[in-house]
Amino acid sequence: MRPVKLVMTAFGPYPAETTVDFDQLGKRGLYLITGDTGAGKTTIFDAITYALYGKPSGNNRTAEMMRSKYADPDTRTEVDLTFEYAGKRYRIRRSPAYERPKKKGGAGMVKKGAEQELYYPDGRVLTKTKEVETAVNEIIGIDREQFSQIAMIAQGDFMKLLTAPTEDRKAILRRLFQTKPYQDLQDALRARSNELIRKNEDAGKSIRQYTKDILCEDTDVHLVEVDKARKNELTVTEVSELLEELLRDDTANYDALDRKSADLTKQIAECTEALTRAQNQKNTEAKLKATTELLAKQNAALVSLEQARKEQEKRKPEAAGYRDEIARAKAELPDYRELEETTKRAGELQKQETRSAAGLEKAEKQIADGKKEIENLKKEQETLSSADADLVTKHPCTGSVSETGCAACRGEEYQ
């Protein structure tokens, strides 16, 4: 903040309107106000501080006490300050509460209330006490106490700044040089750092909680380090590196075991395949034997059927004789009783003939079916014999398959 012009009226030792034009002093360097005791040097500080914050620079005087005792009773006490901040000009006018003579109604005094006006560069005007106070703090960035310590060092106040506690000086300088964002960043980074440290410590505690479960073979090269880890004699980083090495070794061992398992699986598959072929051969041989036995039975049945057919063929003339005998009986019977007996006998002979014909037909059909079945059995026997020859193959462990099969086919352990 740079003061541009200060106008004081009936303020302190200045009864009339008094103007201090700071522009005449230039815009660079420091302003030094000197003079005899009581000349009004501190009043200039008070006026500027009062204009900005509504109170004088010191703590032993109030705004009402700043009215000049030399001023005319009708003269209004007022401070008008024009100041510049960040390249923009602002104007603020303040008047403290004071008593003046009544203008009407005879003798006596009337109290004039405090007033304030803050003019923005864009023409806005604030008049409420709280609004003006907040706006000034936002524009300049420091409060009255800090302003009194750093902007204008009044009599004896410089030593206060030098002897102020470190945190107070840090707060003043931070607001003066607008380093609060950097402080906020520093605080955020510190908080983040503390959080990461805490998480790291928690992770370390969690890791140490499970280090007692670390295991390895007695012949492992890491056995000594594992023992130290189980006794919490290693740092978290060392434990982490040890676990990574153990994990790499375990992974390599797992890969080797996986390859070995694949080889064993392949060998098992080959043995299973050989066992299956042997079992198929055994089943084929059993089926061939059963078929051969069935063929022999069918041949025997065919012989029996052939004999039955021949017997039926022999009985054909006998059946023809039965028909002739029936005809003669019908012609020769003289009476009804003889005819009935003859007819009854003829019926029996006719039934016997029918049975003989049916038996002959059945025998012929059985003979045909038997011949067909024998042909099918012969074909199947030839097929099974051919399949039996194909099953004699090389086995991966013992050579050709024998009648009893290899050791794997018998269910014994395959080396």
Side-chain angles (χ1 to χ4, degrees), residues 1-4 27-31 45-46 48-60 63 81 83-92 94 116 118-122 124 126 128-211 232 234-241 243-244:
M1 191 279 293
R2 187 181 72 85
V4 176
K27 299 181 179 181
R28 298 174 61 86
L30 300 175
Y31 301 156
F45 288 113
D46 290 337
I48 294 176
T49 306
Y50 169 70
L52 292 173
Y53 299 101
K55 294 180 181 180
S57 60
N59 294 323
N60 55 352
L81 173 66
F83 65 94
E84 186 177 281
Y85 186 84
K88 296 181 180 180
R89 288 200 172 189
Y90 300 83
R91 181 186 175 196
I92 186 168
R94 284 189 186 270
Q116 55 278 319
L118 173 62
Y119 298 85
Y120 279 84
D122 58 6
R124 288 181 298 147
L126 300 181
K128 294 183 179 180
T129 303
K130 194 64 178 178
E131 289 180 345
V132 173
E133 178 182 353
T134 302
V136 170
N137 288 336
E138 291 177 352
I139 294 171
I140 300 178
I142 53 178
D143 57 23
R144 171 182 169 275
E145 182 178 356
Q146 294 167 338
F147 179 83
S148 299
Q149 289 179 310
I150 63 175
M152 294 185 301
I153 308 301
Q155 298 179 25
D157 287 344
F158 184 69
M159 183 57 66
K160 292 181 180 179
L161 175 61
L162 296 179
T163 58
T166 302
E167 292 300 322
D168 294 345
R169 278 184 286 133
K170 287 171 61 177
I172 293 171
L173 296 176
R174 187 180 302 120
R175 297 193 65 178
L176 175 63
F177 296 105
Q178 298 182 352
T179 60
K180 189 176 185 302
Y182 304 103
Q183 180 65 34
D184 293 341
L185 176 60
Q186 182 179 348
D187 294 341
L189 292 175
R190 183 181 296 108
R192 179 60 176 166
S193 176
N194 293 335
E195 181 182 359
L196 292 176
I197 291 174
R198 180 184 57 78
K199 288 184 178 180
N200 184 57
E201 291 176 351
D202 293 342
K205 293 178 182 178
S206 178
I207 291 175
R208 294 187 184 281
Q209 180 181 356
Y210 296 104
T211 52
N232 289 330
L234 299 181
T235 64
V236 174
T237 302
E238 291 173 338
V239 171
S240 179
E241 292 174 353
L243 290 175
E244 290 179 357

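No experiment lies behind these values; they were computed from the predicted model shown. Reckoned from all heavy atoms, side chains included, excluding hydrogens, waters and symmetry mates.
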Worksheet item: Yes or no on side-chain contact (heavy atoms from CB on, under 4.5 Å) for R144 and T49, after CA distance, side-chain angles and deciding distance?
Response: CA-CA 7 Å; R144 171 182 169 275; T49 306; 4.1 Å; yes
Item to complete: Test I92 against Q116 for side-chain contact (heavy atoms from CB on, under 4.5 Å), laying out the working first.
Response: CA-CA 7 Å; I92 186 168; Q116 55 278 319; 5.7 Å; no
Judged by atom type as modelled, is there a donor-acceptor pair below 3.5 Å linking the side chain of [X] to the main-chain atoms of [Y]?
X: R94; Y: A51; result: yes
X: N200; Y: L196; result: no
X: S193; Y: L189; result: no

Fill in: Cationic N near anionic O, under 4.0 Å, K199 to D202
no
Worksheet item: Taking all atoms of both residues into account, what is the closest heavy-atom pair of L52 and F83, and its distance?
Response: CD2-CE2, 3.8 Å
Worksheet item: Please walk me through it: do N194 and R198 pass side-chain contact (heavy atoms from CB on, under 4.5 Å)?
Response: CA-CA 6 Å; N194 293 335; R198 180 184 57 78; over 6 Å; no
Worksheet item: Quick one: ring pair (Phe, Tyr, Trp, His ring centres under 6.0 Å) partners of Y120, sequence neighbours excluded?
Response: Y90
Item to complete: Could you tell me which residues satisfy salt bridge (Lys or Arg N to Asp or Glu O under 4.0 Å) with E238, sequence neighbours excluded, listed by chain and number?
Response: none
Item to complete: Using distance alone, with no hydrogens and no angle criterion, decide if N137 and E133 have a side-chain donor and acceptor under 3.5 Å apart.
Response: no
Worksheet item: side-chain contact (heavy atoms from CB on, under 4.5 Å) with V136: which of T134, V132, I139?
Response: V132
